[in-house]
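Below, chains carry the letters A, B, ... as their sequence lines are ordered, and counting in each starts from 1. Note that this is a predicted model, so its numbers are computed, not measured.
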Protein chains: 2
Amino acid sequence: MDHVDRILDQWRRERPDLDVTAMGILGRLKRLSTHLSREVEAVLQQNGLSSSSFDVLATLRRSGAPYRLSPGDLLATTMVTSGTMTNRIDQLEKTGLVERVVNPQDRRSVLIALTEKGFSLVEKTVTEHVVNQNRLVESLPADEKAALDGLLRQLLAAFE
Amino acid sequence: MDHVDRILDQWRRERPDLDVTAMGILGRLKRLSTHLSREVEAVLQQNGLSSSSFDVLATLRRSGAPYRLSPGDLLATTMVTSGTMTNRIDQLEKTGLVERVVNPQDRRSVLIALTEKGFSLVEKTVTEHVVNQNRLVESLPADEKAALDGLLRQLLAAFE
DNA sequence: CCCGGACATCTTGACGTCAAGATATTTACG
DNA sequence: CGTAAATATCTTGACGTCAAGATGTCCGGG
């Protein structure tokens with residue numbers, strides 16, 4: 001009997017005509033996502049990053065040497081608009097974690113490059129971040145983690 | 001091989017020391033939550049509502065007659081701060097969907113009441129909303145929906 | 001009874017995001 | 001070639017949220 005169950009019970013009483021099966025799943029998924037985001041933010045914040053800025057740094061880091069991508073490449077992996085990405089890059093450039101370098105091949109474009117400072121920060125942060133992520137799901141045994149992952153994958157496939 | 005798989009592969013290549021089990025689950029969960037929120041918003045928007053304003057109206061509606069709750073009661077169910085709730089109520093009051101009525105028992109407090117206009121709007125909207133929610137998870141057969149719900153419940157229990 | 005702490009709500013200022021459109025560059029075609 | 005369409009990024013204005021603190025009200029011990 002959790003928070004979502006109480007909501008469903010109220011709806012069943014007030015509107016017995018509604019099928020609330022999906023509401024339960026979506027409600028738990030949204031609450032869970034909010035909780036997890038907050039827990040993740042806490043660790044990133046200890047390193048002076050938001051999850052927004054970390055996402056950009058991590059995308060550059062995992063792309064491999066020379067740790068450079070265009071804003072368009074970054075957009076393709078992050079589910080945000082171009083204006084949001086411009087803003088994120090502006091912030092990271094101000095704090096010296098990335099720099100914009102001109103792209104000689106295409107002057108409409110620009111390359112976002114990890115600085116040394118950015119590289120060492122993301123290197124340290126991602127290590128702590130991954131430990132934290134594993135902690136957040138440790139209430140599930142390994143086989144249930146795998147089952148959850150499979151179900152999420154299947155549901156996600158309907159949208160991507 | 002979905003979007004999240006590609007991210008995990010990059011990390012395995014660049015940082016084979018990291019255990020990315022949880023990253024996969026959390027990544028899919030976050031992307032899914034974003035997709036689902038956008039789909040849900042679309043239906044609410046057709047009724048002139050955001051998910052924020054709908055949440056408030058729906059909470060009042062499912063609380064049962066006389067469809068009145070204090071801001072504090074609303075806060076307890078919505079995972080937002082008091083300032084956010086004040087703002088939501090302000091918007092709904094401007095559009096005539098709720099009204100603030102004084103609480104004679106406790107003048108620090110106030111009751112937020114669904115207006116007739118608010119009631120009929122939420123009544124129509126929630127019907128469409130629930131149909132839409134069920135559509136969003138129809139890619140899973142019934143037994144897998146139940147399994148997913150159970151796993152989410154278990155994980156959520158660690159936070160609530 | 002009164003006053004300090006608890007409580008309920010609202011205010012303020014900052015931030016991240018989005019949609020829509022502006023600017024600059026490249027590409028393809030006539 | 002020259003120009004229109006496509007592409008890549010940035011700008012602008014609005015919105016929802018949060019953290020921190022202000023304001024107004026209630027309550028319980030002295």
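Remark: P of C:dT11 and CD of B:Q91 are 12 Å apart, rounded to the nearest angstrom. Counting to the nearest Å, the C1' atom of D:dT9 and the CG atom of A:L111 are 13 Å from each other. If you take NZ of A:K94 and P of C:dA14, they are 13 Å apart, rounded to a whole angstrom. We find that CG of A:L92 is positioned 13 Å from P of D:dC10, with the value rounded to whole Å. If you measure from atom CG of A:L49 to atom P of C:dG16, you get 12 Å, rounded to the nearest angstrom. Atom-to-atom, CZ of A:F54 to P of C:dG16 comes out at 17 Å; the value is rounded to the nearest Å. Between B:E93 atom CD and C:dC10 atom P the separation is 9 Å, expressed in whole Å. Rounded to whole angstrom, the span from the CG atom of B:D90 across to the C1' atom of C:dC10 amounts to 8 Å.
For the residue pair B:N132 / B:E39, no side-chain donor-acceptor distance below 3.5 Å is found, with atom types taken as modelled. Of the N and O atoms on the side chains of B:R88 and B:T78, not one donor lies less than 3.5 Å from an acceptor on the other residue.
Of the residues in residues 62-77 of chain A, none lies under 4.0 Å from DNA chain C by heavy-atom distance.
In this view, A:E14 and B:R61 satisfy the salt bridge (charged side-chain N to carboxylate O under 4.0 Å, His left out) rule, not counting sequence neighbours. Scored by the side-chain contact (heavy atoms from CB on, under 4.5 Å) test, B:L36 finds A:L26, A:L29, A:F159, B:L32, B:L136 as partners (sequence neighbours excluded). Residues forming a salt bridge (charged side-chain N to carboxylate O under 4.0 Å, His left out) with B:R108 (at least two apart in sequence, or on another chain): B:D106. Applying the salt bridge (charged side-chain N to carboxylate O under 4.0 Å, His left out) rule to A:D19 yields no partners; only residues at least two apart in sequence or on another chain are considered. Remark: B:R6 pairs with no residue by the salt bridge (charged side-chain N to carboxylate O under 4.0 Å, His left out) rule, at least two apart or across chains. In this structure B:R153 satisfies the side chain to side chain donor-acceptor pair (under 3.5 Å) test together with A:D5, sequence neighbours excluded.
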Can you name the atoms? Protein N/O to nucleotides 23-29 of chain C N/O, anything below 3.5 Å, with the distance.
unit_1 : atom_1 : unit_2 : atom_2 : d
C:dT26 : OP1    : A:R107 : N      : 3.0

What's touching nucleotides 17-21 of chain C from the protein side, N or O pairs under 3.5 Å?
unit_1 : atom_1 : unit_2 : atom_2 : d
C:dT17 : OP1    : A:S52  : OG     : 2.7
C:dT17 : OP1    : A:R88  : NH2    : 2.7
C:dT17 : OP2    : A:R88  : NE     : 3.1
C:dC18 : OP1    : B:R38  : NH2    : 3.0
C:dC18 : OP2    : A:T81  : N      : 3.0
C:dC18 : OP2    : A:T84  : OG1    : 2.9

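Identified under the side-chain hydrogen bond (donor to acceptor under 3.5 Å, both in side chains) test for residues 111-120 of chain B, with sequence neighbours left out: none.
Residues A:L111 make up the rest of the hydrophobic cluster containing A:V101, defined by ILVMFWY side-chain heavy atoms closer than 4.5 Å, directly or through other members.
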Side-chain donor-acceptor contacts of residues 137-150 of chain B below 3.5 Å, not counting sequence neighbours, with atom names and distances?
unit_1 : atom_1 : unit_2 : atom_2 : d
B:E144 : OE1    : A:Q154 : NE2    : 3.3
B:D149 : OD1    : A:R28  : NH1    : 2.9
B:D149 : OD2    : A:R28  : NH1    : 3.3

